[in-house]
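Heads up: the structure comes next, in structure tokens.
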Amino acid sequence: MSCRIVVLISGSGSNLQSLIDASQQQQLGGGSIVAVISNKAEAGGLQRAQRAGIATACIKHQDFDDRDSFDAALREEIDRHQPDLVILAGFMRILTSGFVRHYLGRLLNIHPSLLPKYPGLHTHQRALDAGDSEAGATVHFVTEELDGGPAIIQAKIPIIAGDDAATLATKVLSKEHQIYPLAARWFAEGRLSLTASKATLDGQVLPQHGVPFDGN
Ligand code: NHR
Ligand code: GAR
């Protein structure tokens, strides 16, 4: 099966790189990344895409008067590529409900926390401040509720003495690079869907935290 994927980024794009690597190693279930779009011109992920021969575009949110007009321009650029799947990979702009509705069921995000804990920003510091013993990342379907859509897969790491937000970010990111290509692959293979507001894999409704990732 073929699955056209558009990836949205704002930053260094290490998650994008894990998806590019997976597709080059035929690990995306026939998924191919057809475009990478950033809201920031300086995003390092744009170079990663260019190096891989993937089309890039930059739509700067500052060029727009409001979120609706930014999202309309973003949607127009995305839809030129006729995607089956849109992946947020470190994309840092909250999306309007109209945008989310247009892509509902084909829009994924990776969030650096053990959702439903810590939606929003500064997740690692919040986990430390709460005295948590674990941190992690969650891939989920994007819905209108910020970081509130149904979970697909979740990976955990232990928090140990001496960890700070930066060490946690590094450790969680290496898990992100393992779970995002897996979720994208399931989607591309037609195994993953959003059905009646629930994430399903092979027709089974997934648990609240998604599939627990048990790789190393
Ligand atoms: N949009 C919707 N509607 N639903 C979600 O679940 C979304 C979303 C847009 C992005 C990613 C999310 C994350 O994984 C995401 C999920 C940005 C912010 C934020 O506060 C919060 C969560 C996420 C992404 N952004 C600020 C804003 O005003 C800008 C912050 C900045 O530029 O640094 O948009 O964490
Ligand atoms: C990742 O940790 C991702 O989970 C997080 O930003 C990082 C992006 O890294 N996403 C968010 O915080 C979304 N608000 P990358 O650009 O190297 O993939």
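Small disclaimer: the values here were computed from a predicted structure and weren't measured. Computation of the quantities below employed the complete heavy-atom set of this structure, encompassing side-chain atoms and omitting hydrogens, waters and symmetry-equivalent molecules. Whatever order the structure lists ligands and atoms in, that order sets their numbers, starting from 1.
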Modelled atom types, side-chain donor and acceptor of Ser32 and Ser23, under 3.5 Å: no
Polar contact flag for Leu95 and ligand 1 (N/O pairs, less than 3.5 Å): yes
Polar contact flag for Asn15 and ligand 2 (N/O pairs, less than 3.5 Å): yes
Selection from Gly90, Gly45, Pro119 by shortest heavy-atom distance to atom 7 (C) of ligand 2: Gly90
Shortest protein contact, atom 3 (C) of ligand 2 (heavy atom only): Glu176 OE1, 3.3 Å
Ligand 2-proximal atoms of Leu173, by part, heavy-atom distance under 4.0 Å: side chain
Nitrogen or oxygen atoms of Asn109 and ligand 1 under 3.5 Å apart: yes
Option whose closest heavy atom lies nearest to atom 18 (C) of ligand 1, chosen from Leu121, Val139, Leu8: Leu121
Salt-bridge present (Arg4, Asp84; N to O < 4.0 Å): no
Polar contact flag, side-chain donor to acceptor under 3.5 angstrom, Ser69-Asp66: yes
Ligand 1 N/O within reach of Leu146 N/O, cut-off under 3.5 Å: no
Backbone N/O of Lys40 and side chain of Ser38: donor-acceptor pair under 3.5 Å: yes
Residue, atom name and distance, where the atom is the protein heavy atom closest to atom 27 (C) of ligand 1: Arg67 NH2, 3.4 Å
Heavy-atom gap Gly120 to ligand 1 smaller than 4.0 Å: yes
Any N or O of Ser12 closer than 3.5 Å to N or O of ligand 2: yes
Heavy-atom nearest neighbour in the protein, as seen from atom 13 (C) of ligand 2, with distance rounded to 0.1 Å: Met92 SD, 3.4 Å
Contact summary for Ala55 and His81, nearest pair of heavy atoms: CB-CE1, 4.4 Å
Full working for side chain to side chain donor-acceptor pair (under 3.5 Å) between His177 and Ser14: CA-CA 8 Å; His177 300 159; Ser14 70; 2.8 Å; yes
Residue pair Gln154 / Leu115: nearest heavy atoms and the distance that separates them: NE2-O, 3.0 Å
Proximity flag Ile110 to ligand 1, non-hydrogen atoms under 4.0 Å: yes
Nearest neighbour in protein (non-hydrogen) for atom 13 (C) of ligand 1: His111 ND1, 3.1 Å
The single option from Thr167, Thr123, Leu168 passing side chain to side chain contact (heavy atoms under 4.5 Å, CB included) against Leu128: Leu168
Test: Arg126 and Asp132 ion pair at under 4.0 Å: no
Lys171 atom NZ, over 12 foreign heavy atoms within 6.0 Å: yes
Charged N-O contact under 4.0 Å between Glu189 and Arg185: yes
Neighbour count above 12 (heavy atom, 6.0 Å) for Glu76 CD: no
Nearest-neighbour protein heavy atom for atom 26 (C) of ligand 1, which is reported as residue plus atom name and distance: Met92 O, 3.6 Å
Protein contact of atom 24 (C) of ligand 1 - nearest heavy atom, named by residue and atom, plus distance: Phe91 O, 3.6 Å
Ring geometry between His61 and Phe70 (parallel below 30°, tilted from 30 to 60°, perpendicular above 60°): perpendicular
Identity and separation of the nearest protein heavy atom to atom 15 (P) of ligand 2: Ser14 N, 3.4 Å
Among Arg93, His140, Glu145, His61, closest by any non-hydrogen atom to atom 10 (C) of ligand 1: Arg93
Close N or O approach (Thr143, ligand 1; < 3.5 Å): yes
Element-labelled atoms of ligand 1 that are located less than 4.0 Å from some non-hydrogen atom of Val142: 2 (C), 4 (N), 5 (C), 6 (O)
Nearest-contact summary for atom 16 (C) of ligand 1 - protein heavy atom, Å: Asp147 OD1, 3.6 Å
Protein contact to atom 16 (O) of ligand 2 [nearest heavy atom, distance to 0.1 Å]: Gly13 N, 2.8 Å
